[in-house]
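Shown next, in structure tokens, is the structure this report addresses.
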Amino acid sequence: MEKDVLAKTYNPKEVEGRWYKYWEENDLFKANARSDKSPFSIVIPPPNVTGSLHMGHALNNTLQDILARYKRMKGYNVLWQPGTDHAGIATQNVVEKDLILKKTDRHQIGREQFIELVWEWRKKYGGIIINQLKRLGSSCDWSRERFTMDEGLSRAVREVFVGLYEENLIYQGDYIINWCPRCHTALADIEVEHEDTDSFLYYIRYPFENQKGSLTVATTRPETLLGDTAVAVNPEDERYKNLSGLHVLLPVLNKPIPVILDKYVDKEFGTGALKITPAHDLNDFEIGNAHGLERIKVIDENGRMNELSGPYQGMDRFECREKILDDLKNSGLLEKIEPYRNAIGHCYRCKTMIEPLLSKQWFVRAAPLAEKAIAAVKTGKTRIIPANWERVYFDWMNNIKDWCISRQIWWGHRIPAWYCQECGEVMVAKEEPKICTRCKSNNLHQETDVLDTWFSSALWPFSTLGWPDSTDELKTFYPTSVLVTGFDILFFWVARMMMMGLHFMGDVPFRDVYIHALVKDEQGQKMSKSKGNIIDPLVVLDSFGTDSFRFTLSILAAQGRDIRLSEERLAGYRNFMNKIWNAARFSLMNLKDCKSPSIDTDTLTLADTWIMSRIGAVADEISSNIEGYKFNDAANICYQFIWHEFCDWYLEMVKLELYSNDQKRREAAQSAMQILLSGVLRLLHPFVPFITEEIWQRMPHTEGSIMAAQFPRRTDFVYDEKSVKEMDLIKEVITGVRNIRGEMNIPPKKAAKIVIDVKGDKEREILKNNHSYITNLAKVESIDFISDTKKPDSSATYVFSDIQVHVLLKGLINYDDEKKRIYKGIKKIEKEMEISQKKLANRDFLNQAPPDIVENVKQKAQRMSMKLDKLNQNLTILDGIT
RNA sequence: GGGCGGGUAGCUCAGCGGGAGAGCAUCGGCCUUACAAGCCGGGGGUCACGGGUUCAAAUCCCGUUCCGCCUACCA
């Protein structure tokens, strides 16, 4: 790498690809399953293989990468385990769409060939999201990339399924499930999205069978009445007391169905009479079971009315509703229609309205598994951060329902169950059985359903590490250190990993779960395709560069708060990258001929000691913030320190040394600068890997990649608290002069004479010894020192505590302006003093507040009082002049 | 229905018991040989409202209100 002068602005495009390749080629992302170093491991939340990078991924992976890079620099053996999941329904949908274009469908080509096509698709497009993660700089160990349909992971799935079945934790049964008529599969409860919808409540008369009159029920789904097998009323409902044992006639079909009594029915709602359709509603199903009612399925898997729905057979469910309402109206059975708002379930994949259907499915008995998962968080074996998500987790776990895991699609792990065609025996086994265990028949058929994708995702923390084999990876990296993810998959994924990990590994899958924010748009709206407010991370990467993007996400990632991303913010942090770049540019220009760095405390200037004390303190703060998942604080500390301390003050001060004729001073400055630049880059590296590597490689006396360098600690630098106080004093004087220059409109080029009135010998010494900082940074041509003397004529004065800086302004001073300025200062300080004095006048405060607090207030009051005196004196003098 | 988060400078947000902060925007002055994606300086806030606890409240508690979000088998 040539170490020439850097370009004037940072150009990320030229840099990023180059270094990513370098890191990969030099195996810098690789974990070691047999290492003496302490392990640190993260499994990636596997992105959907059909996916393309969205903001959620960008944030999620940026945060993981910060942790991974930071821990590597701290000397850990880091494994960041990457991979993708096979996304059963989504992937099948994509390939099926292709087939439609080719004027065929999966049923025509058959299961085997279809699966082959999906694999082909995955080979061709499955790497897209992976490459996008690489563009983000993600330092995953790609040599270990896994896919949930890999042979190894599929083995883990079979092992788990059979294990749970044998323990009676998986069972098969007829239940009401959520059916998507478009995807043609069952869905788990959490895969259904509820949406408040304006609909209607229809009041329908069910005539009595053997007497006059009718019983009116209220329903939102009149079409399901074809499958009604009873009408229920509350046993305590006075109105319907005498109806028990009677029958009513189902409208349209004129079929008698019984009136039953059930406490479930709410007397207050509708008419207090509830129609019962056990095959199409979960509650009705349960009531039906309790009363031994027949289950009549009238809607089929396509959402169409079937042969049991009489005249409506063949109609779509919505079409049927219209028709049936017409017919009811005509026969006078429709009493009234009321507008009604209710939540309607939709498929989370395709948004089709869910049809609750009676169907035979496979379920995981969740409650027993949840117990340990609850305990693990209660006892702190796994921490959820921020902790308020614990409550959400507990709430769900405590009310957990059995998990429907079978899906009527082809792409996925086929359930390892076989049915004997002769005797009906069900066999669940890891290997395909040859003959029926009961009747010895060889006429066996495998279950056609596959497992929910989340079933395999639930095993991710150990299946990716080689389970069920006992591998070095498992020994070294399980339990993983932390899981970083969004709350939207807390139930889908985190909770289930907890259950499976505890059950099969006997330990939690991760020590920490860090739940991060959602990325929203500028208006705080959730980004969605339908709203069209999506900010494409790839576009952001192109226009601002990866590092700016990552830094923006980090600094906005406050715990428990969503991120509103905006172009202005991105531009602001792109400017920060440019600032870093130019600080490096300046440094490198002056480091061309430098020796290898060493700290000689004798040659350190006050500026050196001060900035080293600061960078050391800052390094420790950044460390503790990263370790506490306070990414925004860590990033903000970097920003403030680098821009407003290192660049604004140190680099300006070091110019004195660099431009000095004294070769020794120059060399000492070069040494310090190298140490500092190296420190700054290493602090920044976890956040902004590319720009830091680029500069690192151009620095003299650096070896290898910055990835392998050590993260700075306070003890790496000179630390001297006194220097911080001294520098504060000098900065205050400089700021004071600048302030007056600015407010009095003194041309920046015009050098000023100043007189500092300082009583304390110590302060005077400090200012005298470091006067060149003041003369250079405040454009001052001479400094005189006085002690407790009257304000010089033709001067403007900056007052702090008992120190006064008089800027001599012969001919430039406007006395009215100066008076106004002083007056403003007096008003401000009087207001502040009032607060302090009130406190000090309060006996309870003096007695009960901690002594250090009282002392602080006292000192503050004293300082202010001195300042106020000086200001008043100055005002009096000016009054005398004008 | 239940739960969670939020209301702090014009905007976006930190802070969450002892001096109201940042970024952006704004105003004034600067092409000072690292950076105009920059430098220097300034202005700007009854910390939603009402009570309470405390020597001390933006910060803790209660209530009100307005926004989000999650969850739920009253048809």
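In what follows, chains carry the letters A, B, and so on, assigned in the order in which the sequence lines appear, proteins first and then strands, with residues in each chain numbered from 1. Because the structure is a prediction, the values reported are computed rather than measured.
- Both A:R391 and A:L518 lie close to RNA chain B; mapped to their nearest nucleotides by heavy-atom distance, the more 5′-ward contact belongs to A:R391.
- Rounded to an integer number of Å, the gap from A:D633 CG to B:C16 C1' is 13 Å.
- Taking atom CG of residue A:D852 and atom P of nucleotide B:G19, one finds them 12 Å apart after rounding to whole Å.
- In the set B:C24, B:G19, B:C31, B:G19 carries the atom at the smallest distance from any side-chain atom of A:R863.
- In this structure, A:K655 satisfies the cation-pi test against A:F586, with its NZ or CZ atom closer than 6.0 Å to the six-membered ring centre and inside 45 degrees of the ring normal.
- One atom, CG of A:N842, and another, P of B:C55, lie 9 Å apart when rounded to the nearest Å.
- Rounded to whole Å, the distance from CZ on A:R321 to P on B:A75 is 13 Å.
- Of the candidates B:C55, B:G41, B:U71, the closest approach to any side-chain atom of A:Q848 belongs to B:C55.
- One can find a donor-acceptor pair under 3.5 Å joining the base of B:C35 and the side-chain atoms of A:K579.
- Under 4.0 angstrom from either OP1 or OP2 of B:A75 there lies at least one side-chain N or O belonging to A:Y340.
- To the nearest angstrom, C1' of B:G18 lies 14 Å from CD of A:E855.
- Picking from B:A34, B:G38, B:G23 the nucleotide with the shortest atom distance to the side chain of A:N575 gives B:G38.
- Judged by distance alone, with hydrogens and angles left aside, A:E652 brings a side-chain donor or acceptor within reach of the base of B:A34, the pair sitting under 3.5 Å.
- Side-chain proximity of A:D648 to B:C55, B:G19, B:C40: nearest is B:C40.
- Two rings, from A:Y573 and A:F544, have their centers 6.0 Å or more apart.
- Distance from the side chain of A:K860 is smallest to B:G19 among B:C35, B:A75, B:G19.
- Within the 4.5 Å cutoff, the side chain of A:I695 has heavy atoms near those of the A:I580 side chain.
- For an aromatic pair to be called close, the ring centres must be under 6.0 Å apart, and A:F687 with A:F576 fails this.
- Which of B:G28, B:G23, B:C55 sits closest to the side chain of A:N745 comes down to B:G28.
- Minimum atom distance to the side chain of A:L274 is reached by B:A75, of the listed B:G18, B:A34, B:A75.
- Residue A:F487 has its side chain nearest to B:C69 when only B:C69, B:G19, B:A72 are considered.
- For B:U26, the paired base is B:G42 (Watson-Crick or G-U wobble, both distances below 3.5 Å).
- Atom OG1 of A:T229 and atom NZ of A:K275 lie 9.5 Å apart (nearest 0.5 Å).
- Applying the 4.0 Å criterion to OP1 and OP2 of B:C55, one finds that A:R843 has every side-chain N and O outside that range.
- If you check B:A75, B:A22, B:G42 against the side chain of A:K824, the one that comes closest is B:G42.
- Residues A:E191 and A:N178 have side chains not in contact (no heavy-atom distance under 4.5 Å, counting atoms from C-beta outward).
- Regarding A:R821, its CZ atom lies at a distance of 11 Å from the P atom of B:G43, rounded to whole Å.
- Across every strand in view, B:C69 sits in a pair with B:G3 that passes the Watson-Crick or G-U test at under 3.5 angstrom.
- Rounded to a whole Å, the CD atom of A:E568 is 17 Å from the P atom of B:G10.
- Put simply, the side chain of A:N632 does not reach to within 4.5 Å of the side chain of A:N636, judged on heavy atoms.
- Take the nearest nucleotide of RNA chain B for A:H644 and for A:C647: the residue whose nucleotide is more 5' is A:H644.
- For A:A343, whose side chain is taken as the heavy atoms from C-beta onward, the closest listed nucleotide among B:G42, B:A72, B:C30 is B:A72.
- Pair assignment for B:G18: B:C55, on the basis of Watson-Crick or G-U wobble contacts that are both within less than 3.5 Å.
- The base of B:U12 lies close enough to the side chain of A:R569 for a donor and an acceptor atom to sit less than 3.5 Å apart.
- Not one side-chain nitrogen or oxygen of A:Y650 sits closer than 4.0 Å to the OP1 or OP2 atom of B:A34.
- Straight-line distance from the CH2 atom of A:W643 to the P atom of B:C39: 5 Å, rounded to whole Å.
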